[in-house]
Amino acid sequence: MKKSAIIMRASVVLGALSVLVGGVTYAAITSSATLTGNTLASVTGSLLVDGPDAGSVPTASEAGLQFTGLVPGAAAYSAAQTFSLKNDGTGNLKIAVTADGGVSAGTYDPSKVHVKITNTTVAGNPSVEATLDNFATLFNNLPGVSGADKLLAGATNSFDVQVKADADAVTGSSASFSNFNLTFTGTAVE
């Protein structure tokens, strides 16, 4: 029995020594390398607008469009007024527009005032039509620079804006709706 206990102890010692030598051997052949000073940087987003004074330098904010002499109930849209958007950043942008603010003199119903925006730069001149009320409550994609399309970095697109009012858009002898903003938002995309 003593002999088997000695053999058993020797086996345990040899097994432990094998594990220790295997561990030391493994540690001796490991190696590492490090990437240091890593940086993540996004593209830049810089959307600029050039208002109806076309040809000026685009900025972050420009004076808006003035539509006067609208005849409620007219079938045709007003004469077009032009603005442009420039992507002055390094990333492509999808563009949406909302309308906010505004002061009404008399009774002007924004749900009965129609706005048509046409992209005159893109082939086929795509357009979007919505009521002024919808532009205030929804995030509307601009034609030719949203959906499957985008405003490429460094590119400029021009747009025509036209309006018309339903016959019952105005109550009383006259009305106006002024000092509202059209806010354009660019979201970076590939």
Side-chain angles (χ1 to χ4, degrees), residues 45-88 92-152 155-189:
S46 179
L47 184 61
L48 303 176
V49 63
D50 185 9
D53 59 341
S56 68
V57 176
T59 61
S61 179
E62 289 265 333
L65 310 170
Q66 304 292 318
F67 293 97
T68 59
L70 295 177
V71 177
Y77 275 96
S78 68
Q81 293 195 34
T82 301
F83 73 93
S84 63
L85 293 174
K86 179 177 182 169
N87 180 350
D88 202 33
N92 301 327
L93 299 173
K94 289 195 179 286
I95 312 296
V97 59
T98 55
D100 58 75
V103 176
S104 184
T107 305
Y108 220 111
D109 185 347
S111 70
K112 297 181 180 185
V113 177
H114 304 271
V115 179
K116 179 179 180 182
I117 301 176
T118 303
N119 187 322
T120 60
T121 303
V122 174
N125 297 332
S127 64
V128 62
E129 296 181 47
T131 64
L132 186 56
D133 192 45
N134 283 347
F135 275 107
T137 59
L138 301 174
F139 206 53
N140 294 280
N141 292 327
L142 276 181
V145 292
S146 59
D149 301 312
K150 54 196 158 215
L151 185 57
L152 301 176
T156 300
N157 275 203
S158 292
F159 300 86
D160 281 348
V161 180
Q162 298 172 284
V163 296
K164 69 178 178 178
D166 293 343
D168 57 348
V170 174
T171 305
S173 61
S174 70
S176 66
F177 189 71
S178 61
N179 295 319
F180 65 93
N181 302 315
L182 292 177
T183 302
F184 304 96
T185 303
T187 303
V189 294

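Listed by chain and number, the residues in a ring-ring contact (aromatic ring centres under 6.0 Å, His included) with F184 are F83 (sequence neighbours excluded). Under the side-chain hydrogen bond (donor to acceptor under 3.5 Å, both in side chains) criterion, N87 pairs with no residue at all, not counting sequence neighbours. Partners of D88 by side-chain hydrogen bond (donor to acceptor under 3.5 Å, both in side chains), not counting sequence neighbours: none found. Under the rule for a side-chain hydrogen bond (donor to acceptor under 3.5 Å, both in side chains), D149 has no partner lying at least two apart in sequence or in another chain. For T121, the side-chain hydrogen bond (donor to acceptor under 3.5 Å, both in side chains) test picks out no residue, with sequence neighbours left out.
Checking V115, D100, V49, V97 one by one against L182, the side-chain contact (heavy atoms from CB on, under 4.5 Å) holds for a single residue, V97. Considering N157, N140, L142 in turn, L142 is the only one that fulfils the side-chain contact (heavy atoms from CB on, under 4.5 Å) rule with I95.
Contact annotation: the side chain of N141 never approaches that of K94 to less than 4.5 Å [non-hydrogen atoms, C-beta and beyond]. At least one side-chain heavy atom of L48 sits under 4.5 Å from a side-chain heavy atom of S46. Taking the side chain as every heavy atom from C-beta outward, F180 and L132 approach each other to under 4.5 Å. Side-chain contact between T118 and Y77: absent, with no pair of heavy atoms (C-beta onward) separated by less than 4.5 Å. Side-chain atoms of V145 and L93, non-hydrogen and from C-beta on, never get closer than 4.5 Å to each other.
Between P143 and F159, the closest heavy-atom pair is O-CE2, 3.7 Å. The minimum heavy-atom distance linking V170 with A175 is given by the pair CG1-CB, 3.7 Å. In terms of heavy atoms, P110 sits closest to T131 at O-CB, 3.8 Å.
The OG atom of S84 lies 11.0 Å from the CG atom of D160; values are rounded to the nearest 0.5 Å.
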Name the atoms and distances for all side-chain donor-acceptor pairs under 3.5 Å in residues 60-75, with sequence neighbours left out.
from : atom 1 : to  : atom 2 : distance (Å)
E62  : OE1    : G51 : N      : 3.4
E62  : OE2    : T59 : OG1    : 3.2

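T185 places no side-chain N or O within donor-acceptor distance of the main-chain N or O of A96, the cut-off being under 3.5 Å. With hydrogens and angles ignored, the 3.5 Å screen pairs no side-chain donor or acceptor of E129 with any backbone N or O of K116. With hydrogens and angles ignored, the 3.5 Å screen pairs no side-chain donor or acceptor of S158 with any backbone N or O of T120.
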Worksheet item: Stepwise, does the salt bridge (Lys or Arg N to Asp or Glu O under 4.0 Å) test hold for K86 with D50?
Response: CA-CA 8 Å; K86 179 177 182 169; D50 185 9; over 6 Å; no

